[in-house]
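Below is one structure, written out as C-alpha coordinates, with a few remarks after it.
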2 protein chains.
Amino acid sequence: MIIDKLFSNFDNYLPLNSAERHDLAGRVIQRKIKRRQFILQENDVCRHYTFVAEGCFKKFQVDDKGTEHNLQFAAEGDWLMEIVSFYFEKPSRVYIEAIEPSVIFQISKPDLFHLFDNNSKFDRNFRVIVENRLVETENRIFQAISSTAEERYLAFIKQYPHLLSRLPNTQIASYLGMTPEFLSKVRKDLLKI
Amino acid sequence: MIIDKLFSNFDNYLPLNSAERHDLAGRVIQRKIKRRQFILQENDVCRHYTFVAEGCFKKFQVDDKGTEHNLQFAAEGDWLMEIVSFYFEKPSRVYIEAIEPSVIFQISKPDLFHLFDNNSKFDRNFRVIVENRLVETENRIFQAISSTAEERYLAFIKQYPHLLSRLPNTQIASYLGMTPEFLSKVRKDLLKI
DNA sequence: CATTACCCTTAATCTACTTTAAGGGTATTT
DNA sequence: AAATACCCTTAAAGTAGATTAAGGGTAATG
(Lines give C-alpha, C1' and ligand atoms only; values in the text may rest on other atoms or scores of the structure.)
Protein backbone atom coordinates (compact mmCIF):
# COMPACT_ATOMS: atom_id res chain seq x y z
CA MET A 1 0.00 0.00 0.00
CA ILE A 2 1.30 3.41 -0.95
CA ILE A 3 0.14 4.96 2.33
CA ASP A 4 2.79 2.83 4.07
CA LYS A 5 5.33 5.26 2.66
CA LEU A 6 3.69 7.97 4.72
CA PHE A 7 3.58 5.81 7.85
CA SER A 8 7.16 4.68 7.56
CA ASN A 9 8.28 8.29 7.12
CA PHE A 10 7.47 8.75 10.80
CA ASP A 11 9.88 5.96 11.70
CA ASN A 12 12.56 8.61 11.18
CA TYR A 13 11.02 10.52 14.10
CA LEU A 14 8.70 8.98 16.70
CA PRO A 15 7.16 5.93 14.94
CA LEU A 16 3.37 5.66 14.92
CA ASN A 17 1.51 2.71 16.44
CA SER A 18 -1.43 1.21 14.60
CA ALA A 19 -4.05 3.40 16.29
CA GLU A 20 -2.07 6.52 15.38
CA ARG A 21 -1.63 5.29 11.82
CA HIS A 22 -5.37 4.85 11.62
CA ASP A 23 -5.96 8.38 12.94
CA LEU A 24 -3.55 9.81 10.41
CA ALA A 25 -4.97 7.81 7.51
CA GLY A 26 -8.43 9.20 8.26
CA ARG A 27 -7.18 12.77 7.98
CA VAL A 28 -5.03 12.75 4.84
CA ILE A 29 -6.15 12.98 1.23
CA GLN A 30 -4.36 10.96 -1.43
CA ARG A 31 -3.93 12.70 -4.80
CA LYS A 32 -2.44 11.81 -8.17
CA ILE A 33 -0.65 14.76 -9.78
CA LYS A 34 0.33 15.06 -13.43
CA ARG A 35 3.65 16.37 -14.68
CA ARG A 36 3.60 20.19 -14.91
CA GLN A 37 0.54 20.38 -12.63
CA PHE A 38 0.61 23.03 -9.90
CA ILE A 39 -0.47 22.20 -6.36
CA LEU A 40 0.13 25.79 -5.21
CA GLN A 41 0.23 29.06 -7.14
CA GLU A 42 1.36 32.54 -6.14
CA ASN A 43 -1.32 34.49 -4.21
CA ASP A 44 -3.30 31.38 -3.38
CA VAL A 45 -3.44 30.33 0.25
CA CYS A 46 -1.54 27.13 1.03
CA ARG A 47 -4.22 24.90 2.57
CA HIS A 48 -2.22 21.69 3.07
CA TYR A 49 0.97 20.13 4.27
CA THR A 50 2.08 17.82 1.47
CA PHE A 51 3.93 14.52 1.72
CA VAL A 52 5.44 13.20 -1.52
CA ALA A 53 4.97 9.42 -1.81
CA GLU A 54 6.03 9.16 -5.46
CA GLY A 55 7.42 11.58 -8.02
CA CYS A 56 9.09 14.94 -7.63
CA PHE A 57 8.14 18.60 -7.16
CA LYS A 58 9.84 21.97 -7.32
CA LYS A 59 8.97 24.93 -5.12
CA PHE A 60 9.97 28.24 -6.68
CA GLN A 61 9.58 31.98 -6.46
CA VAL A 62 9.41 34.41 -9.40
CA ASP A 63 11.39 37.67 -9.32
CA ASP A 64 10.47 41.09 -10.75
CA LYS A 65 11.88 40.18 -14.14
CA GLY A 66 9.78 37.03 -14.32
CA THR A 67 12.66 34.63 -13.71
CA GLU A 68 11.96 31.51 -11.66
CA HIS A 69 14.21 30.65 -8.70
CA ASN A 70 13.96 27.16 -7.24
CA LEU A 71 13.88 27.10 -3.44
CA GLN A 72 13.41 23.37 -2.90
CA PHE A 73 13.03 20.05 -4.66
CA ALA A 74 10.90 17.42 -2.96
CA ALA A 75 10.94 13.75 -3.99
CA GLU A 76 9.68 10.52 -2.36
CA GLY A 77 9.70 10.82 1.43
CA ASP A 78 9.95 14.63 1.52
CA TRP A 79 7.54 17.15 3.00
CA LEU A 80 6.49 20.37 1.29
CA MET A 81 4.74 23.46 2.61
CA GLU A 82 4.60 27.23 2.48
CA ILE A 83 4.64 27.84 6.18
CA VAL A 84 3.55 31.48 6.45
CA SER A 85 0.76 30.96 3.99
CA PHE A 86 -0.40 27.79 5.72
CA TYR A 87 -0.42 29.03 9.32
CA PHE A 88 -1.46 32.65 8.79
CA GLU A 89 -3.62 32.06 5.70
CA LYS A 90 -1.71 34.68 3.79
CA PRO A 91 -1.31 34.62 -0.02
CA SER A 92 1.61 32.43 -1.01
CA ARG A 93 4.67 33.94 -2.66
CA VAL A 94 5.77 30.62 -4.11
CA TYR A 95 4.60 28.10 -6.66
CA ILE A 96 4.75 24.33 -6.21
CA GLU A 97 4.76 22.32 -9.45
CA ALA A 98 5.17 18.63 -10.25
CA ILE A 99 8.29 17.81 -12.28
CA GLU A 100 7.20 14.17 -12.64
CA PRO A 101 3.85 12.32 -12.40
CA SER A 102 3.40 12.06 -8.64
CA VAL A 103 1.34 10.70 -5.78
CA ILE A 104 0.97 12.84 -2.67
CA PHE A 105 -0.79 12.83 0.68
CA GLN A 106 -2.15 16.14 1.92
CA ILE A 107 -3.40 17.21 5.30
CA SER A 108 -5.41 20.36 5.96
CA LYS A 109 -4.90 22.75 8.85
CA PRO A 110 -8.04 21.68 10.77
CA ASP A 111 -7.09 18.02 10.39
CA LEU A 112 -3.49 18.67 11.39
CA PHE A 113 -4.56 20.63 14.47
CA HIS A 114 -6.97 17.86 15.37
CA LEU A 115 -4.04 15.43 15.37
CA PHE A 116 -1.95 17.88 17.41
CA ASP A 117 -4.68 18.26 20.02
CA ASN A 118 -5.38 14.56 20.43
CA ASN A 119 -1.83 13.28 20.56
CA SER A 120 1.26 15.28 21.32
CA LYS A 121 3.36 12.81 19.34
CA PHE A 122 2.11 14.54 16.20
CA ASP A 123 3.11 17.95 17.56
CA ARG A 124 6.55 16.54 18.22
CA ASN A 125 6.87 14.85 14.85
CA PHE A 126 5.82 17.87 12.87
CA ARG A 127 8.19 20.05 14.87
CA VAL A 128 11.03 17.75 13.81
CA ILE A 129 9.93 17.90 10.16
CA VAL A 130 10.18 21.69 10.28
CA GLU A 131 13.49 21.51 12.13
CA ASN A 132 14.98 19.27 9.45
CA ARG A 133 13.87 21.71 6.82
CA LEU A 134 15.50 24.54 8.80
CA VAL A 135 18.79 22.68 8.91
CA GLU A 136 18.72 22.27 5.14
CA THR A 137 17.99 25.92 4.50
CA GLU A 138 20.74 27.13 6.88
CA ASN A 139 23.23 24.90 5.10
CA ARG A 140 22.11 26.39 1.82
CA ILE A 141 22.56 29.94 3.05
CA PHE A 142 26.08 29.17 4.16
CA GLN A 143 26.84 27.75 0.74
CA ALA A 144 25.17 30.61 -1.09
CA ILE A 145 27.17 33.27 0.74
CA SER A 146 30.50 31.44 1.00
CA SER A 147 31.00 29.20 -2.06
CA THR A 148 31.75 29.53 -5.75
CA ALA A 149 29.38 28.17 -8.40
CA GLU A 150 31.57 25.09 -8.82
CA GLU A 151 31.60 24.37 -5.08
CA ARG A 152 27.84 24.72 -4.91
CA TYR A 153 27.39 22.30 -7.80
CA LEU A 154 29.71 19.74 -6.20
CA ALA A 155 27.84 20.04 -2.90
CA PHE A 156 24.54 19.51 -4.74
CA ILE A 157 25.81 16.33 -6.42
CA LYS A 158 26.94 15.02 -3.07
CA GLN A 159 23.74 15.88 -1.21
CA TYR A 160 21.17 14.94 -3.85
CA PRO A 161 22.71 12.20 -6.04
CA HIS A 162 19.25 10.67 -6.61
CA LEU A 163 17.94 13.95 -8.05
CA LEU A 164 20.82 14.58 -10.41
CA SER A 165 19.66 12.28 -13.18
CA ARG A 166 16.00 13.22 -12.79
CA LEU A 167 16.30 16.98 -13.13
CA PRO A 168 17.17 19.02 -16.22
CA ASN A 169 20.25 21.18 -15.68
CA THR A 170 18.19 24.32 -16.15
CA GLN A 171 16.33 23.46 -12.93
CA ILE A 172 19.53 22.69 -11.03
CA ALA A 173 21.08 25.97 -12.20
CA SER A 174 18.02 27.84 -10.97
CA TYR A 175 18.31 26.10 -7.59
CA LEU A 176 22.02 26.88 -7.30
CA GLY A 177 21.63 30.53 -8.27
CA MET A 178 23.51 30.57 -11.57
CA THR A 179 22.63 30.62 -15.27
CA PRO A 180 22.27 27.33 -17.21
CA GLU A 181 25.07 28.53 -19.51
CA PHE A 182 27.47 28.90 -16.62
CA LEU A 183 26.48 25.55 -15.13
CA SER A 184 27.30 24.04 -18.50
CA LYS A 185 30.77 25.61 -18.31
CA VAL A 186 31.28 24.41 -14.73
CA ARG A 187 30.41 20.86 -15.76
CA LYS A 188 32.79 20.99 -18.70
CA ASP A 189 35.65 22.28 -16.54
CA LEU A 190 35.05 19.51 -13.98
CA LEU A 191 35.36 16.83 -16.68
CA LYS A 192 38.77 18.16 -17.72
CA ILE A 193 40.31 17.59 -14.31
CA MET B 1 11.93 42.41 35.86
CA ILE B 2 14.03 41.33 32.95
CA ILE B 3 12.42 37.88 32.81
CA ASP B 4 9.20 39.60 31.74
CA LYS B 5 10.84 40.04 28.34
CA LEU B 6 10.94 36.27 28.05
CA PHE B 7 7.34 35.88 29.18
CA SER B 8 6.01 38.55 26.90
CA ASN B 9 7.83 36.98 23.96
CA PHE B 10 5.26 34.19 24.14
CA ASP B 11 2.47 36.71 23.70
CA ASN B 12 3.42 36.58 20.02
CA TYR B 13 2.40 32.91 20.01
CA LEU B 14 0.17 31.31 22.67
CA PRO B 15 0.54 33.55 25.76
CA LEU B 16 1.49 31.89 29.04
CA ASN B 17 -0.69 32.07 32.16
CA SER B 18 0.91 32.65 35.53
CA ALA B 19 1.35 28.94 36.36
CA GLU B 20 3.07 28.38 33.03
CA ARG B 21 5.27 31.42 33.55
CA HIS B 22 6.26 29.98 36.90
CA ASP B 23 7.11 26.60 35.31
CA LEU B 24 9.21 28.28 32.65
CA ALA B 25 11.02 30.54 35.14
CA GLY B 26 12.03 27.48 37.15
CA ARG B 27 13.70 25.91 34.12
CA VAL B 28 15.66 28.75 32.53
CA ILE B 29 19.06 30.09 33.54
CA GLN B 30 19.76 33.82 33.34
CA ARG B 31 23.26 34.78 32.20
CA LYS B 32 25.16 38.01 31.66
CA ILE B 33 27.46 37.85 28.62
CA LYS B 34 30.31 40.22 27.84
CA ARG B 35 31.05 41.69 24.45
CA ARG B 36 33.15 39.26 22.34
CA GLN B 37 32.25 36.35 24.63
CA PHE B 38 31.28 33.09 22.89
CA ILE B 39 28.27 31.10 24.06
CA LEU B 40 28.92 28.37 21.48
CA GLN B 41 32.09 27.35 19.64
CA GLU B 42 32.67 25.04 16.69
CA ASN B 43 32.79 21.34 17.69
CA ASP B 44 31.13 21.96 21.04
CA VAL B 45 27.66 20.53 21.55
CA CYS B 46 24.90 23.14 21.74
CA ARG B 47 23.28 22.41 25.12
CA HIS B 48 20.72 25.23 25.25
CA TYR B 49 18.07 27.17 23.46
CA THR B 50 18.93 30.82 23.99
CA PHE B 51 16.57 33.77 24.33
CA VAL B 52 18.15 37.22 24.01
CA ALA B 53 16.66 39.64 26.55
CA GLU B 54 19.24 42.41 26.04
CA GLY B 55 22.14 42.94 23.66
CA CYS B 56 23.01 41.31 20.37
CA PHE B 57 24.70 38.17 19.04
CA LYS B 58 26.02 36.88 15.76
CA LYS B 59 25.91 33.25 14.68
CA PHE B 60 28.55 32.44 12.07
CA GLN B 61 30.33 29.64 10.26
CA VAL B 62 33.98 29.62 9.19
CA ASP B 63 34.97 28.40 5.71
CA ASP B 64 38.08 26.48 4.62
CA LYS B 65 40.01 29.71 4.16
CA GLY B 66 39.22 30.86 7.68
CA THR B 67 36.73 33.53 6.64
CA GLU B 68 33.69 34.08 8.87
CA HIS B 69 30.21 34.08 7.33
CA ASN B 70 27.34 35.42 9.42
CA LEU B 71 24.22 33.28 9.31
CA GLN B 72 22.07 35.21 11.77
CA PHE B 73 21.97 38.22 14.05
CA ALA B 74 19.87 37.94 17.21
CA ALA B 75 18.90 40.96 19.30
CA GLU B 76 16.32 41.55 22.08
CA GLY B 77 13.37 39.21 21.69
CA ASP B 78 15.09 36.79 19.31
CA TRP B 79 15.79 33.09 19.78
CA LEU B 80 19.09 31.42 18.93
CA MET B 81 20.03 27.76 18.55
CA GLU B 82 22.03 25.28 16.54
CA ILE B 83 19.28 22.82 15.95
CA VAL B 84 21.16 19.72 14.77
CA SER B 85 23.72 20.06 17.51
CA PHE B 86 21.05 20.61 20.17
CA TYR B 87 18.71 17.74 19.27
CA PHE B 88 21.22 15.16 18.10
CA GLU B 89 24.08 16.22 20.39
CA LYS B 90 26.40 16.51 17.44
CA PRO B 91 29.39 18.90 17.38
CA SER B 92 28.30 22.35 16.26
CA ARG B 93 29.55 23.78 12.98
CA VAL B 94 28.79 27.34 14.04
CA TYR B 95 29.97 29.88 16.57
CA ILE B 96 27.71 32.18 18.55
CA GLU B 97 29.36 35.35 19.85
CA ALA B 98 28.09 38.44 21.67
CA ILE B 99 28.48 41.67 19.68
CA GLU B 100 27.27 43.73 22.65
CA PRO B 101 27.11 43.17 26.42
CA SER B 102 24.03 41.00 26.73
CA VAL B 103 21.58 39.27 29.03
CA ILE B 104 20.18 35.91 27.96
CA PHE B 105 17.93 33.15 29.23
CA GLN B 106 18.93 29.58 28.40
CA ILE B 107 17.02 26.35 28.64
CA SER B 108 18.63 22.90 28.47
CA LYS B 109 17.26 19.95 26.53
CA PRO B 110 16.04 18.01 29.62
CA ASP B 111 14.28 21.12 30.93
CA LEU B 112 12.76 21.89 27.54
CA PHE B 113 11.50 18.33 27.14
CA HIS B 114 10.08 18.46 30.65
CA LEU B 115 8.05 21.51 29.60
CA PHE B 116 6.99 19.77 26.37
CA ASP B 117 5.81 16.69 28.26
CA ASN B 118 3.84 18.56 30.92
CA ASN B 119 2.10 21.08 28.72
CA SER B 120 1.60 20.84 24.97
CA LYS B 121 1.40 24.62 24.75
CA PHE B 122 5.19 24.65 24.99
CA ASP B 123 5.50 22.13 22.18
CA ARG B 124 3.27 24.37 20.11
CA ASN B 125 5.12 27.57 20.98
CA PHE B 126 8.53 26.17 20.24
CA ARG B 127 7.28 24.78 16.95
CA VAL B 128 6.21 28.29 15.96
CA ILE B 129 9.60 29.72 16.99
CA VAL B 130 11.30 27.28 14.64
CA GLU B 131 8.75 27.99 11.92
CA ASN B 132 9.43 31.72 12.10
CA ARG B 133 13.11 31.04 11.78
CA LEU B 134 12.42 28.85 8.72
CA VAL B 135 10.48 31.65 7.07
CA GLU B 136 13.40 34.03 7.55
CA THR B 137 15.93 31.60 6.13
CA GLU B 138 13.80 30.82 3.07
CA ASN B 139 13.46 34.52 2.37
CA ARG B 140 17.22 34.86 2.61
CA ILE B 141 17.83 32.02 0.17
CA PHE B 142 15.54 33.66 -2.34
CA GLN B 143 17.45 36.90 -1.98
CA ALA B 144 20.84 35.20 -2.08
CA ILE B 145 20.08 33.41 -5.34
CA SER B 146 18.03 36.11 -7.07
CA SER B 147 19.31 39.56 -6.03
CA THR B 148 22.30 41.80 -6.61
CA ALA B 149 24.48 43.02 -3.74
CA GLU B 150 22.70 46.39 -3.78
CA GLU B 151 19.25 44.77 -3.63
CA ARG B 152 20.33 42.58 -0.74
CA TYR B 153 21.65 45.58 1.17
CA LEU B 154 18.43 47.53 0.61
CA ALA B 155 16.39 44.54 1.78
CA PHE B 156 18.55 44.30 4.90
CA ILE B 157 18.01 47.98 5.75
CA LYS B 158 14.29 47.51 5.35
CA GLN B 159 14.08 44.31 7.39
CA TYR B 160 16.52 45.13 10.21
CA PRO B 161 16.54 48.95 10.62
CA HIS B 162 17.21 48.55 14.36
CA LEU B 163 20.40 46.56 13.67
CA LEU B 164 21.82 48.93 11.07
CA SER B 165 23.29 51.43 13.51
CA ARG B 166 24.45 48.78 15.96
CA LEU B 167 26.51 46.65 13.61
CA PRO B 168 29.81 47.48 11.92
CA ASN B 169 29.59 47.27 8.14
CA THR B 170 32.10 44.43 8.08
CA GLN B 171 29.55 42.28 9.90
CA ILE B 172 26.71 43.29 7.61
CA ALA B 173 28.85 42.55 4.54
CA SER B 174 29.62 39.10 5.93
CA TYR B 175 25.90 38.48 6.48
CA LEU B 176 25.00 39.63 2.97
CA GLY B 177 27.72 37.56 1.29
CA MET B 178 29.92 40.34 -0.09
CA THR B 179 33.24 41.97 0.84
CA PRO B 180 33.30 45.06 3.10
CA GLU B 181 34.99 46.97 0.25
CA PHE B 182 32.15 46.24 -2.10
CA LEU B 183 29.53 47.14 0.52
CA SER B 184 31.31 50.46 0.86
CA LYS B 185 30.96 51.00 -2.86
CA VAL B 186 27.28 50.01 -2.82
CA ARG B 187 26.63 52.54 -0.05
CA LYS B 188 28.43 55.29 -1.95
CA ASP B 189 26.50 54.59 -5.13
CA LEU B 190 23.21 54.68 -3.22
CA LEU B 191 24.01 58.14 -1.83
CA LYS B 192 24.55 59.52 -5.34
CA ILE B 193 21.04 58.71 -6.49
C1' DC C 1 48.95 59.39 26.72
C1' DA C 2 50.62 56.40 23.50
C1' DT C 3 49.68 52.35 21.07
C1' DT C 4 47.49 48.87 19.07
C1' DA C 5 43.53 47.05 16.97
C1' DC C 6 39.63 47.73 14.26
C1' DC C 7 36.94 49.96 10.77
C1' DC C 8 35.67 52.60 6.66
C1' DT C 9 36.85 54.22 2.28
C1' DT C 10 39.00 54.74 -2.39
C1' DA C 11 40.98 53.12 -6.46
C1' DA C 12 43.37 49.91 -9.72
C1' DT C 13 43.47 45.39 -11.34
C1' DC C 14 41.56 40.91 -11.87
C1' DT C 15 38.06 37.13 -12.30
C1' DA C 16 33.73 34.76 -11.72
C1' DC C 17 29.69 35.03 -13.63
C1' DT C 18 25.93 37.08 -16.90
C1' DT C 19 24.20 38.30 -21.27
C1' DT C 20 23.47 37.63 -25.93
C1' DA C 21 23.45 34.90 -29.83
C1' DA C 22 23.55 30.78 -32.31
C1' DG C 23 23.39 25.66 -33.57
C1' DG C 24 22.19 21.01 -32.86
C1' DG C 25 19.75 17.26 -30.15
C1' DT C 26 15.83 15.12 -28.12
C1' DA C 27 11.37 14.87 -26.30
C1' DT C 28 6.30 16.12 -26.71
C1' DT C 29 2.49 17.42 -29.21
C1' DT C 30 -0.25 17.66 -33.57
C1' DA D 1 5.83 12.23 -39.72
C1' DA D 2 6.11 16.94 -39.09
C1' DA D 3 6.18 20.65 -36.04
C1' DT D 4 6.94 22.70 -31.89
C1' DA D 5 8.86 23.19 -27.54
C1' DC D 6 12.56 22.26 -24.56
C1' DC D 7 17.32 21.49 -23.44
C1' DC D 8 22.37 21.49 -23.66
C1' DT D 9 26.43 23.49 -25.31
C1' DT D 10 29.84 26.92 -27.08
C1' DA D 11 31.81 31.30 -27.50
C1' DA D 12 32.34 36.45 -27.52
C1' DA D 13 31.57 40.51 -25.05
C1' DG D 14 30.09 42.80 -20.98
C1' DT D 15 29.61 43.50 -15.82
C1' DA D 16 29.17 42.61 -10.88
C1' DG D 17 31.88 41.80 -7.43
C1' DA D 18 36.68 40.09 -5.43
C1' DT D 19 41.37 41.12 -4.45
C1' DT D 20 45.11 43.87 -3.26
C1' DA D 21 47.03 47.83 -1.40
C1' DA D 22 47.03 52.01 0.92
C1' DG D 23 45.57 56.02 4.02
C1' DG D 24 43.05 58.03 7.60
C1' DG D 25 39.65 57.83 11.64
C1' DT D 26 38.14 56.21 15.92
C1' DA D 27 37.62 53.06 19.68
C1' DA D 28 39.78 49.79 23.00
C1' DT D 29 43.94 48.83 25.85
C1' DG D 30 48.55 49.20 28.29
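Reminder, nothing fancy here: chain letters follow the sequence lines and each chain counts from 1.
Atom pair L176(B):CG and dA18(D):P shows a separation of 11 Å (rounding to whole Å applied). Separating the NE2 atom of H69(A) from the C1' atom of dT18(C) is a distance of 13 Å, rounded to the nearest angstrom. When rounded to the nearest whole Å, the span between CE of M178(B) and C1' of dG17(D) equals 9 Å. One atom, NZ of K185(A), and another, C1' of dA12(D), lie 13 Å apart when rounded to the nearest Å. Here the P atom of nucleotide dA16(D) and the CZ atom of R152(B) are 13 Å apart, to the nearest Å. Look at CD on E181(B): it is 9 Å from P on dT19(D), rounded to the nearest Å. Distance OH (Y153(A)) to C1' (dC17(C)): 17 Å, rounded to an integer number of Å. Taking atom CD on E150(B) and atom C1' on dT15(D), their separation rounds to 14 Å, with Å as the unit.
For the residue pair T137(B)/T137(A), the side-chain donor-acceptor check at 3.5 Å is satisfied.
Checking the phosphate oxygens (OP1, OP2) of dT28(C), a side-chain nitrogen or oxygen of R35(A) falls inside 4.0 Å. Between R187(B) and dC8(C) there is no side-chain N or O to OP1 or OP2 distance below 4.0 Å. Look at N169(B) and you'll find a side-chain N or O under 4.0 angstrom from OP1 or OP2 of dT9(C). Residue T148(A) places no side-chain N or O under 4.0 Å from the OP1 or OP2 atom of dC17(C).
Shown here for N70(B) and S174(B), the closest heavy-atom pair between the two residues is N-OG, 2.9 Å.
Taking the six-membered ring for Trp and the full ring otherwise, F73(B) and F57(B) have centroids separated by 6.0 Å or more.
Between F116(A) and F113(A), the angle of the ring planes lies from 30° to 60°, which puts this pair in the tilted group.
Residue N43(A) places its CG atom among more than 12 non-hydrogen atoms of other residues, nucleotides or ligands, all under 6.0 Å distant.
Contacts of T179(B) with the nucleic acid, taken as non-hydrogen atoms under 4.0 Å apart, include base atoms.
Both F182(B) and R36(B) sit near DNA chain C, but only R36(B) has its closest nucleotide nearer the 5' end.
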